[in-house]
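Scroll down for the structure; my scribbles are underneath it.
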Amino acid sequence: MNTKKVFFTTPIYYVNAKPHLGHAYTSIAADVATRFKKMAGFETFFLTGTDEHGDKIVQAAEKQNTTPKEYADNISRLFQDLLPVLNIENNFFIRTTDPSHIKIVKNILSKIHESGDIYFSSYEGLYCFGCERFYQERELVGGKCPDHGTVPEVIKESNYFFKMGKYQEWLINHIKTNPDFIRPKQYKKEILSFLKEPLEDLCISRPKSRLTWGITLPFDEEYVTYVWFDALVNYISALSFPDGELFKKFWPNTRHFVAKDIIKPHGIYWPIMLKAAGIKIYNGLNVHGFWNVKGSKMSKSIGNVTDPIEVTGIYGTDAFRYFLMREMVFGLDANFTRETIVSRINSDLANDLGNLFSRVLSMNHRYFKGEVKGPDKKIQEEKMLSLEPDAVTAIDAFTKAMDLCEFHRGIGAIWQFVSIMNKYIDKNAPWVLAKDDAEKPYLETVIYNLIEGLRLVSGLIYPVMPETSCKMQKALNMEKGNNEFYTLKEISQWGQIKKGSIIENPKILFPRIDTDKIKSSEPVKLAKPFKPALKEEITIDDFAKVDLRTGIVIKAEKIKNSNKLLKLQVDLGAETRQVIAGVAKSYTPEEITGKQVIVVANLKEVKLMGEISQGMLLAATHTKKIVLSGFDKEIMPGNPVK
RNA sequence: GGCGACGUAGCUCAGUUGGUCAGAGCAUGCGGCUCAUAUCCGCAGAGUCCGGGGUUCAAGUCCCUGCGUCGCUACCA
């Protein structure tokens with residue numbers, strides 16, 4: 001038997017926070033893809049796990065007075081416990097602290113090091129000891145660390161670097177010649193556009209003086225490897241690279257599922273790492289968008305971080321899985337609100353599918369005491385009663401869409417068939433046929449086709465709603481054993497329902513959710529979200545750190561080679577400051593001269609386009625329009641503004 | 001500022017290579033049925049397919065430009 005094989009992964013989730021909606025989506029999407037491929041006859045392997053090394057974990061652990069390992073154990077446990085709640089059937093759960101993983105990371109590092117693609121180099125940078133990290137100049141706030149408010153020190157450090165630039169052309173070519181390598185295609189474009197600029201080499205180490213919570217480099221005891229190098233290797237360490245059966249079986253028939261924020265590591269570092277280590281390149285990357293919640297990005301300060309366990313508890317696992325897969329166009333962002341999920345559940349699940357199931361089975365019960373009758377071939381042909389052609393169409397559209405991870409379309413194809421069945425009932429009006437004994441064969445044919453249709457639907461929804469699939473099949477006397485399912489091939493054959501068997505009166509598949517109740521129990525929050533999102537709350541003391549003063553622009557001139565910056569001399573009373581302001585698009589030097597402005601007077605000076613800037617003007621911006629702040633009456637320069 | 005994506009009915013969005021492409025779902029209104037979870041079925045809305053140019057016998061669908069939204073990136077103080 002030469003079965004086709006495919007390997008699906010989620011990213012390994014960083015253990016610095018508990019799982020949220022986004023994690024749940026990625027995992028469910030990969031689970032749906034895996035289940036679908038199983039239906040299509042593939043042998044599959046599905047991997048997820050946690051990423052547990054690095055600075056942040058050490059810091060978080062210290063805060064809780066615990067060890068990094070213990071801290072990681074706790075959060076990793078949360079991710080592991082989430083899986084059964086979401087009904088995710090992973091084959092393995094990897095942790096970057098697993099000894100076997102660590103061994104393989106070292107193996108790969110050695111390989112690349114030996115081939116000469118890792119080199120040692122030192123560099124100077126601005127280092128904040130509080131944060132234990134380097135900052136780029138532009139990341140600083142007023143020349144100070146944004147977290148600690150201290151001025152970072154210039155220090156020299158040596159590290160190991162991975163020669164990524166060497167493989168840039170190769171990668172561009174690889175992406176172009178493998179159109180499915182990055183999907184959907186907007187992300188392929190994004191990566192290619194990024195690759196137009198020269199790739200910088202990747203720093204892959206940290207000295208142990210700064211960080212010990214990591215994997216020691218095999219070629220230098222004094223260093224640990226850093227972030228992505230450790231994390232990405234999980235995809236093959238979990239398969240026991242290089243000699244494991246799993247690796248031989250599944251690599252490189254791999255599709256990685258990731259959210260759009262980590263396409264660079266996966267679309268650039270990872271293939272180059274594989275190439276440099278002489279390992280085959282994985283088949284492809286499936287990139288999805290973000291879930292916004294109530295119209296805003298999920299964030300702690302807004303308080304809309306959504307807990308998948310809580311949501312599942314309210315709506316049920318299958319409904320939650322259905323909603324996520326149906327609502328999000330794979331690749332694009334989507335919005336999560338109580339209204340949208342309730343609307344999906346009520347109209348798609350309760351009204352369309354649930355009610356169809358209920359009405360068909362109860363008619364069968366009412367007219368035939370639950371016994372499954374067969375179709376009358378003659379009448380079926382005469383009146384074109386067979387639903388088989390529509391079923392074939394549905395299976396076909398479903399399969400095509402699911403193959404491309406276009407889950408929303410795959411589901412759409414099933415629901416189109418559901419809609420056809422509802423119309424079919426209306427058209428043939430079984431309740432009318434039931435009044436006339438002569439129409440009995442007609443009635444039997446209609447009901448039979450409907451039951452068959454439900455059988456098909458029960459099979460097709462399996463990847464998305466495994467529990468409901470099983471429930472329906474049980475009701476239809478078509479259930480398989482535990483954890484078993486019908487393959488596409490098996491469900492495709494029309495006319496499989498067991499004639500003569502007795503089908504019970506149906507139970508409700510999906511109860512409707514009373515929207516009135518929700519409205520009354522939930523205070524209406526119609527507040528429009530801020531755009532951009534509101535920053536973190538500060539105290540009056542925080543604000544008091546900013547020294548605002550009144551000023552008057554006494555001189556203004558353009559800066560060469562800059563279409564945005566003006567060089568201003570601003571009178572602050574006690575002294576005249578030079579301020580470089582990015583207002584040239586909206587103000588000419590003539591216009592701005594003489595204006596009263598508000599100046600941030602205690603801002604650390606910086607150089608912009610070679611000119612010293614000793615402050616900053618307050619202004620409002622909307623797109624490209626800039627409007628300076630000012631006063632409605634005359635005021636002396638140098639006054640404090642509060 | 002640079003690069004890129006997008007802008008289609010009240011809402012969420014489909015619309016492949018230019019010619020039944022002006023659509024679906026939800027919401028709304030009216031009508032029908034009663035098997036069903038007050039569910040289902042039918043009909044209606046008509047929307048300058050963001051504005052303006054252009055290519056073409058023919059353009060949401062191609063080109064240019066303006067505006068708007070979003071992403072990446074930068075000299076954003």
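Below, each value reflects all heavy atoms present in this structure, side chains not excepted, and no hydrogens, waters or symmetry copies.
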So, does [X] get its side chain near the phosphate of [N], meaning an N or O under 4.0 Å from OP1 or OP2?
X	N	value
Asn351(A)	U37(B)	no
Lys423(A)	G32(B)	no
Arg512(A)	U39(B)	yes
Arg326(A)	G25(B)	no

Could you give the [atom1]-to-[atom2] distance, from [X] to [N], as a whole number of Å?
X	N	atom1	atom2	value
Asn422(A)	U37(B)	CG	P	14 Å
Glu200(A)	A74(B)	CD	P	9 Å
Glu339(A)	G25(B)	CD	P	22 Å
Tyr424(A)	C33(B)	OH	P	22 Å
Leu356(A)	C33(B)	CG	P	21 Å

Do the rings of Phe336(A) and Phe320(A) sit parallel, tilted or perpendicular, given the 30° and 60° boundaries?
perpendicular
Look at the aromatic rings of His288(A) and Phe330(A) and report parallel, tilted or perpendicular, splitting at 30° and 60°.
perpendicular
Nucleotide nearest Met363(A) (side chain, heavy atoms from C-beta), chosen from C35(B), C72(B), U37(B)
C35(B)
Using purine N1 to pyrimidine N3 plus N6-O4 or O6-N4 for Watson-Crick, or N1-O2 and O6-N3 for G-U wobble, each under 3.5 Å, what pairs with [N]?
N	result
C35(B)	none
U16(B)	none
G42(B)	C30(B)
A5(B)	U69(B)

For the residue pair Lys260(A) and Phe290(A), would you count it as a cation-pi contact if the rule is NZ or CZ under 6.0 angstrom from the ring centre and within 45 degrees of the ring axis?
yes
Once you apply a heavy-atom cut-off of 4.0 Å, does Leu509(A) come out as touching a base, just sugar-phosphate, or nothing?
base
For A5(B) and A44(B), measure between their P atoms and round to the nearest Å.
38 Å
Taking the same atom, C1', in G31(B) and in C50(B), what whole-Å distance lies between them?
37 Å
